[in-house]
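Notes follow the structure.
Small disclaimer: the values here were computed from a predicted structure and weren't measured. Just so it is clear: chains get the letters A, B, ... in the order the sequence lines come, proteins before strands, and each one is counted from 1.
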2 protein chains.
Amino acid sequence: MEAAARVIARRGVRGLRVEELAAEAGVSTALIYYHFKDRTGILRQTLEFINDRAERYTTERAADAPPLTAREELEQTLLLELQETVEVRENSTAWGELRASAVFDETLREDLARATRVWVQEIAGLLGAVRPMSSAVALAGAAERLTALLEGLSTRWLSGSLPLAHARTLMADAIDAEVTRLGS
Amino acid sequence: MEAAARVIARRGVRGLRVEELAAEAGVSTALIYYHFKDRTGILRQTLEFINDRAERYTTERAADAPPLTAREELEQTLLLELQETVEVRENSTAWGELRASAVFDETLREDLARATRVWVQEIAGLLGAVRPMSSAVALAGAAERLTALLEGLSTRWLSGSLPLAHARTLMADAIDAEVTRLGS
DNA sequence: GTCTATACGAGGATAGAC
DNA sequence: GTCTATCCTCGTATAGAC
């Protein structure tokens with residue numbers, strides 16, 4: 001699964017070649033087909049793997065780390081997705097590909113919409129901790145804008161249209177704007 | 001070019017088959033290769049085509065239409081990309097696909113980055129007309145956020161994670177937030 | 001479980017006639 | 001400019017030995 005994540009990060013969901021995956025994993029293509037039903041099976045299991053991994057690294061904090069304020073937690077959670085680490089790049093790339101594929105492949109839409117809903121609610125919850133007096137509608141709207149912006153910035157970053165540092169600045173400013181707006 | 005836009009909107013950049021494009025245009029595959037150097041050439045010219053077309057439909061106004069205020073022009077320009085018409089859906093789909101495929105294919109990055117820069121500057125200009133006292137840096141930042149958000153919302157819309165009407169509301173609210181922020 | 005070898009189909013690209 | 005016919009590479013998937 002780790003090899004699959006690497007290859008998808010390198011070639012994309014639709015650019016994944018079973019032969020290349022086999023080489024990356026150090027096995028033969030036949031063995032891949034022994035373990036997975038077909039190409040789609042590989043994709044499906046890899047995406048599950050990637051989702052579990054994302055859940056882990058956005059939740060995890062060092063045991064001796066100082067407790068975060070609500071505002072810090074909000075910023076960390078969003079800015080964690082704009083980082084130059086292997087795991088994050090692989091996950092962001094795969095997520096972007098999943099999203100883009102769903103435009104043409106209906107089978108992925110359901111899962112994606114559900115995952116998006118969960119994510120938006122998580123961010124709305126964090127926003128609510130920062131601005132407890134806000135209405136649920138306002139929180140949901142802000143969360144939808146922030147997560148959609150993150151997807152947009154992420155794709156621009158990965159496609160070479162936007163330096164990572166600048167993407168982070170823009171994201172931080174957007175968080176600031178939304179929090180300010182909720183507070184007014 | 002119109003046929004190419006249709007096929008890309010239907011299959012995606014990486015799902016585009018020269019054979020299908022030829023059929024869509026009512027010609028042979030050989031004729032496609034006579035007019036375009038190769039598959040990449042098709043893609044590159046299609047990107048140019050959809051940009052020109054977008055430029056046209058976001059700029060064009062009916063001759064007898066009342067003149068727009070700067071704020072109205074800004075809103076129209078951005079919200080026009082979130083509409084259920086054939087041209088807009090094709091353009092948004094193709095743009096999203098070109099953006100997504102640039103993550104894995106370097107050949108289009110340059111063109112895409114340039115087109116993005118032009119678009120951001122156009123929006124920054126409109127924002128400047130609404131808030132003339134703003135600094136160039138603040139205007140550029142707001143324009144980058146608004147255009148990146150539009151890309152994010154657009155992809156969510158096209159992938160079935162977000163109803164069009166809701167996407168429009170979120171976009172309008174974001175414009176409102178950015179304009180307010182520049183004015184403060 | 002894991003390999004080598006290969007069948008098979010799809011699709012990009014070209015040759016050459018008209 | 002436009003076509004038909006075709007080459008050839010690449011990628012999925014399977015057969016069968018160990």
When rounded to whole Å, the CG to P distance for the pair Leu21(B) and dA13(C) reads 12 Å
Quiz: residues 116-124 of chain A side-chain donor-acceptor pairs under 3.5 angstrom, not counting sequence neighbours:
residue, atom, partner, partner atom, Å
Thr116(A), OG1, Arg99(A), NH2, 2.9
Thr116(A), OG1, Leu112(A), O, 2.7

Output a table of donor-acceptor pairs, distance under 3.5 Å, between side-chain atoms of residues 127-135 of chain B and any protein atom two or more places apart or on a different chain; print 'none' if there are none.
residue, atom, partner, partner atom, Å
Arg131(B), NE, Val179(B), O, 3.2
Ser134(B), OG, Arg131(B), O, 3.0
Ser135(B), OG, Ala138(B), N, 3.1

Q. Is there side-chain contact between Thr85(B) and Tyr57(B), with heavy atoms separated by less than 4.5 Å?
A. no
Side chains of residues 20-27 of chain A: which donor-acceptor pairs under 3.5 Å do they make with residues two or more places apart or in other chains?
residue, atom, partner, partner atom, Å
Glu20(A), OE1, Arg11(A), NE, 3.1
Glu20(A), OE2, Arg10(A), NH1, 2.8
Glu20(A), OE2, Arg11(A), NE, 3.0
Glu20(A), OE2, Arg11(A), NH2, 3.4
Glu24(A), OE1, Arg10(A), NH1, 3.4
Glu24(A), OE1, Arg10(A), NH2, 2.7
Glu24(A), OE2, Arg6(A), NE, 2.7

Between the protein and nucleotides 16-18 of chain D, list the N/O to N/O atom pairs that are separated by less than 3.5 angstrom.
none

Contacts of Arg114(A) meeting salt bridge (charged side-chain N to carboxylate O under 4.0 Å, His left out) (sequence neighbours excluded), chain-then-number -> Asp111(A)
Quick tally for nucleotides 6-13 of chain D: nucleotides whose base has a protein heavy atom under 4.0 Å get B, sugar-phosphate-only ones S, the rest -, giving -----SBB
Residues passing the side chain to side chain donor-acceptor pair (under 3.5 Å) test with Thr59(B), sequence neighbours excluded, are Glu55(B)
Sequence neighbours excluded, the answer for salt bridge (charged side-chain N to carboxylate O under 4.0 Å, His left out) partners of Glu87(B) is Arg56(B)
From CD1 of Ile32(B) across to P of dT4(D) the rounded distance in Å is 13 Å
Separation of dT14(C) atom C1' from Leu31(B) atom CG, nearest Å, is 14 Å
Sorted by chain and number, sequence neighbours left out, salt bridge (charged side-chain N to carboxylate O under 4.0 Å, His left out) with Glu75(B) holds for Arg71(B)
